[in-house]
Student: 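I'd like to ask some things about the structure below.
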Amino acid sequence: MNQSSPKPQPARSWRGAFVTGLDELRRWGGARLDSAEQLAAAEEAHRRFGFLATDYYLGLADGSDPKDPILAQILPDPRELEEGPAGYCLDAVGDLDPAHHKAPGLVHKYPGRALLVTNSACPVHCRYCFRRSYPYQELRGRGPVMKRALEVIREDPSIREVILSGGDPLSLSDDRLVALVEELSTIAHLRRIRIHSRFPVVLPERIDESLLERLTGQRLPLWLVTHFNHPRELTEQARACCQRLLRAGIPVLNQSVLLAGVNDDPELLAELFEGLVDLGVKPYYLHQLDRVEGVAHFEVPEASARALFAGLRSTLSGIALPAFVRDLPGRASKTPMLALLVLLSGLALFGCSSSSPAIDQTRQPTPESEAGGAKSGTESVASVASESVSPAAASMVPMSSVDRVLSVDVRGGGAFEVLAASGAELRLGPWPAAAGQPRFRWSYRGQGMVQTWLAEDLDGDGKDELVVAFGQGRGFPKASLEVVLFEEQRGQIVSKRLTLLTGARNQATALAPWRRDGDGYDLYLAAFESRFVVRGGVLSRAGGEPDWLPGHSLRMGMARAVGDFDGDGRSDVAVGRLYGDQKGEHGDLRVLLGNGTTEQIPSLRGVRAVGAGDLNGDGVSELVFGDGWHINYGKLARYRPSIARRGASGWKVQVLEESAAQYAVEQIEVVGSRVVAGGNLQVRVYDPLDTAASVLSGPFATSMHGAFAVLPDRGLVVGGQKLAGPFPMVAP
């Protein structure tokens, strides 16, 4: 009897590869969950954010290993139910900020590019996903929603690049994906399309020759950005998928997320990045975790993360080394985790913003400002909210990552309040002694990031004026820079634009009070005038064009402080230069005296931070600074807070501390008779009059840019937390 041949089976559709449900969760979670209580908690996490994977990706896992890196990325975890630390929120990267969310499904945070949320479907549910709480219901009625988003893109010629994301855009059918690419190709000002997808990692069979044939040949070139996190994901099938894309002329980039318990090992990451380069895939970004609720257990502490990346930098070539970044709300681009690039991006603050109606924001722009900003001197009102704002309103603005704050006596009489900035937004309110964070009662959103600011009684009325520079940053050839003054008038905070600079590459690096002749203070403003050169000038507190001062332009002369260093009653300017034109070149710290002369201060190469103040009460300012910065960061860099005093025989320098444990001094200030300095890891308080034991308090752990604030009660704010004090800022 002849045995009949088996019937040929039709090829499996990629849509049949998905695995979900409680049964699968229980099956795969057996080794990871050691009690019925933990399993119940994981099932609750599943109900909040469902478990979804592919059979292919689960085939890479070892179900018997409680620390398996594949399962760690996709299995619901009981820790997702824990209340996260302060700073974790639903919209960690600011996608839903009204300033960025131009239409349903459209996010326009960064200049030149916009992101389309094409759908809510992903091939796997990554447990660390920053869009796990995204309101995907806004995509209902897909046709009209997508049409409106495309209209916004079509009407904005500044958008040159569109990023297709989701969900995962490759979850769309071939027909719908190709139709979307074809529609975008009809928009004349677009230059490229990016597709962000995890399919090459978790279901490589989805990207077949048929799809690639339909996608290629369009007017707009395509780039694909995928998401390998672990070398085990670089399977034969994944490699073949990447090679298909490259053969089709589609460049492939990779972005990874640094995840505790998954890939927080430099040797493992080096293996991953080298393996990608071998395939022709460029490691593009290594992301520090986005702080969305429920994912805190994945975060690698910043100090450990920086040390890990420093190890990678010392072993990998440039083509294998990704940029190490964090996505922060309000920034004009991803924020590099290295301290230099944080400085150059404007030192704006980060944290989860809130547009809660409980916090009053009633700025009333003039007709001119509606059309693009009020002219210099134009006033608008930003009202102070009711004194009965509930404590819950303040808790909506986490302070855990916000440590660049100011003390402002905007109402006078010593009623100091705390001002915090997050991206483009300012928030003001008192900080009660027993409270964990300020009770914000007023807010304001500017045009661009907060770049630099000061609080000072400029007109001598007993109340501080607040002056803030907003802008995009010097990386943008047509960047604008807006300087706004805020003051209290009849119970309201009034905003007045002082100047608007619209030339190339504007970015403010310093604001300081500039002494008028017998009438309070104007402002000293330092800002980039070209890609590398920073100029300085005087800006009237009445507004207008700055009076740029001769001799105050210097290549990379970003750090500036104003004081009276020679005791003649006139304002002098200290300028710290990050680096000069030539290696070993002198002149990285100088003082431009009010009489027109320039004096050099002995220093090591590279000055990142300067400050000024009268430490001993003799009416003459001392200069405080941090030198020893080096372009190679930790290899040759030094943390060296120092004091320079001008005497009859010239300038003498006192080094308060020297250490190679930190990259540089990031912020330094004179506070009473003390010096406070912050590096990229720690903040310390020094007693400069006691040379035998100059370190008075600390060290206190801080964030990467070393920012701190000293409150009127002598409390110290570091890392968004008010430390127990008071600290002895004034000598007995």
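Values below: every heavy atom of this structure, side chains too, minus hydrogens, waters and symmetry copies.
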Student: Is it true that a side-chain atom of His196 and a backbone atom of Val225 form a donor plus acceptor pair closer than 3.5 Å?
Tutor: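 No: the side chain of His196 does not pair with the backbone of Val225.
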Student: Under the rule for ring pair (Phe, Tyr, Trp, His ring centres under 6.0 Å), what residues qualify as partners of Phe49, not counting sequence neighbours?
Tutor: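 Phe49 satisfies ring pair (Phe, Tyr, Trp, His ring centres under 6.0 Å) with His125 once adjacent residues are dropped.
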Student: Using modelled atom types only, decide if a donor and an acceptor are shared between the side chain of Asn263 and the backbone of Val257 within a distance under 3.5 Å.
Tutor: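 Checked: pair present.
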Student: Does His287 use its side chain to pair, donor to acceptor, with the backbone of Leu289 at less than 3.5 Å?
Tutor: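 A pair under 3.5 Å: no.
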Student: If you count the non-hydrogen atoms of other residues, nucleotides and ligands that lie under 6.0 Å from CD in Glu155, is the total more than 12?
Tutor: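 Correct, the count exceeds 12.
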Student: Quick check against the 3.5 Å criterion: does Asp65 have a side-chain atom that pairs as donor or acceptor with the backbone of Asp62?
Tutor: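 Here the side-chain-to-backbone pair does not exist.
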Student: Any salt bridge (charged side-chain N to carboxylate O under 4.0 Å, His left out) involving residues 214-230? Give me the pairs, sequence neighbours left out, ordered by first then second residue.
Tutor: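 Sorted result for residues 214-230: Asp175-Arg214.
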Student: Under 3.5 Å, is there a donor-acceptor pair between the Gln73 and Glu233 side chains?
Tutor: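 Checked: Gln73/Glu233 side chains pair up, N/O donor to acceptor below 3.5 Å.
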Student: For the OG1 atom of Thr315 and the CD atom of Glu274, what is their distance to the nearest 0.5 Å?
Tutor: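 Here the rounded value is 7.5 Å.
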Student: Who pairs with Asp265 by side-chain hydrogen bond (donor to acceptor under 3.5 Å, both in side chains), at least two apart in sequence or on another chain?
Tutor: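 None.
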Student: Verify the neighbour count for atom CD of Glu213: are there more than 12 heavy atoms of other residues, nucleotides or ligands below 6.0 Å?
Tutor: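 Open.
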Student: Could you walk me through whether Val295 and Arg127 pass the side-chain contact (heavy atoms from CB on, under 4.5 Å) test, one step at a time?
Tutor: CA-CA 7 Å; Val295 307; Arg127 307 315 299 180; over 6 Å; no
Student: When you measure from the side chain of Arg206 to the backbone N and O of Leu170, does any donor-acceptor pair fall under 3.5 Å?
Tutor: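 Judged by distance alone, yes, a pair lies under 3.5 Å.
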Student: Pick one: which of Ile193, Ile163, Val162 meets side-chain contact (heavy atoms from CB on, under 4.5 Å) with Leu116?
Tutor: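 The passing option is Val162.
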Student: Suppose we screen for side-chain hydrogen bond (donor to acceptor under 3.5 Å, both in side chains). Which residues come up paired with Arg239, at least two apart in sequence or across chains?
Tutor: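 In terms of side-chain hydrogen bond (donor to acceptor under 3.5 Å, both in side chains), with neighbours along the sequence ignored, Arg239 is linked to no residue.
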Student: Between Ser304 (side chain only) and Val300 (backbone N and O only), is there a donor and an acceptor less than 3.5 Å apart?
Tutor: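 Here the side-chain-to-backbone pair does not exist.
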Student: Applying side-chain hydrogen bond (donor to acceptor under 3.5 Å, both in side chains), can you list everything that pairs with Arg47, at least two apart in sequence or on another chain?
Tutor: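 Testing Arg47 for side-chain hydrogen bond (donor to acceptor under 3.5 Å, both in side chains), a comparison that skips the adjacent residues, returns Glu44.
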Student: Quick one, Glu183 and Leu150 - any side-chain contact, counting heavy atoms below 4.5 Å?
Tutor: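 They are in contact (side-chain heavy atoms under 4.5 Å apart), so the answer is yes.
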Student: Would you mind checking if Asp290 and Arg132 are paired as a salt bridge, meaning a charged N to carboxylate O distance below 4.0 Å?
Tutor: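 A salt bridge is absent here (no side-chain N lies under 4.0 Å from a carboxylate O).
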Student: Would you say the side-chain atoms of Lys67 pair up with the backbone N or O of Gly261, donor to acceptor, closer than 3.5 Å?
Tutor: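 Flag not set: sc Lys67 to bb Gly261 has no pair under 3.5 Å.
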Student: Does Asp208 have any salt bridge (Lys or Arg N to Asp or Glu O under 4.0 Å) partners at least two apart in sequence or in another chain, and if so, which?
Tutor: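 Counting only residues at least two positions away or on another chain, Asp208 forms no salt bridge (Lys or Arg N to Asp or Glu O under 4.0 Å).
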Student: Charged N to carboxylate O under 4.0 angstrom, Arg191 versus Glu161?
Tutor: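 So Arg191 does not pair with Glu161 through a salt bridge.
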Student: Does a donor on one side chain and an acceptor on the other come within less than 3.5 Å for Thr226 and Asn254?
Tutor: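 No, no side-chain donor-acceptor pair sits under 3.5 Å.
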Student: Side chains of Ser120 and Arg131 only: does a donor on one sit below 3.5 Å from an acceptor on the other?
Tutor: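 Looking only at side-chain atoms, Arg131 and Ser120 do not form any donor-acceptor pair under 3.5 Å.
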Student: Under the 3.5 angstrom rule, does the side chain of His189 hit a backbone N or O of Arg154 as a donor-acceptor pair?
Tutor: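 Between the backbone of Arg154 and the side chain of His189 there is a qualifying donor-acceptor contact (under 3.5 Å).
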Student: If you measure from the Lys or Arg side-chain nitrogens to the Asp or Glu carboxylate oxygens, is any gap between Arg79 and Glu82 under 4.0 Å?
Tutor: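 Not counted as a salt bridge, because no side-chain N and carboxylate O are separated by less than 4.0 Å.
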Student: Identify whether the distance between the nearest side-chain nitrogen and carboxylate oxygen of Arg27 and Glu24 falls below 4.0 Å.
Tutor: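 Salt bridge present between Arg27 and Glu24.
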Student: Could you tell me whether a side-chain N or O of Asp168 sits under 3.5 Å from a main-chain N or O of Arg198, the two making a donor and an acceptor?
Tutor: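 Between the backbone of Arg198 and the side chain of Asp168 there is a qualifying donor-acceptor contact (under 3.5 Å).
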Student: Could Glu299 and Arg291 be called an ion pair, given the rule that one side-chain N must be under 4.0 Å from one carboxylate O?
Tutor: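 Looking at Glu299 and Arg291, the cut-off is met.
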Student: Return yes if a side-chain donor-acceptor contact under 3.5 Å exists between Ser256 and Tyr284, otherwise no.
Tutor: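 No, Tyr284 and Ser256 have no side-chain donor paired with an acceptor closer than 3.5 Å.
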Student: Show, in sequence, the C-alpha distance, side-chain angles and deciding distance for Leu184 and Gln218, and conclude whether the side-chain contact (heavy atoms from CB on, under 4.5 Å) test is met.
Tutor: CA-CA 10 Å; Leu184 289 168; Gln218 306 286 341; over 6 Å; no
Student: Strictly under 6.0 Å, is that where the ring centroids of Trp14 and Phe199 end up?
Tutor: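 Centroid separation for Trp14 and Phe199: below 6.0 Å.
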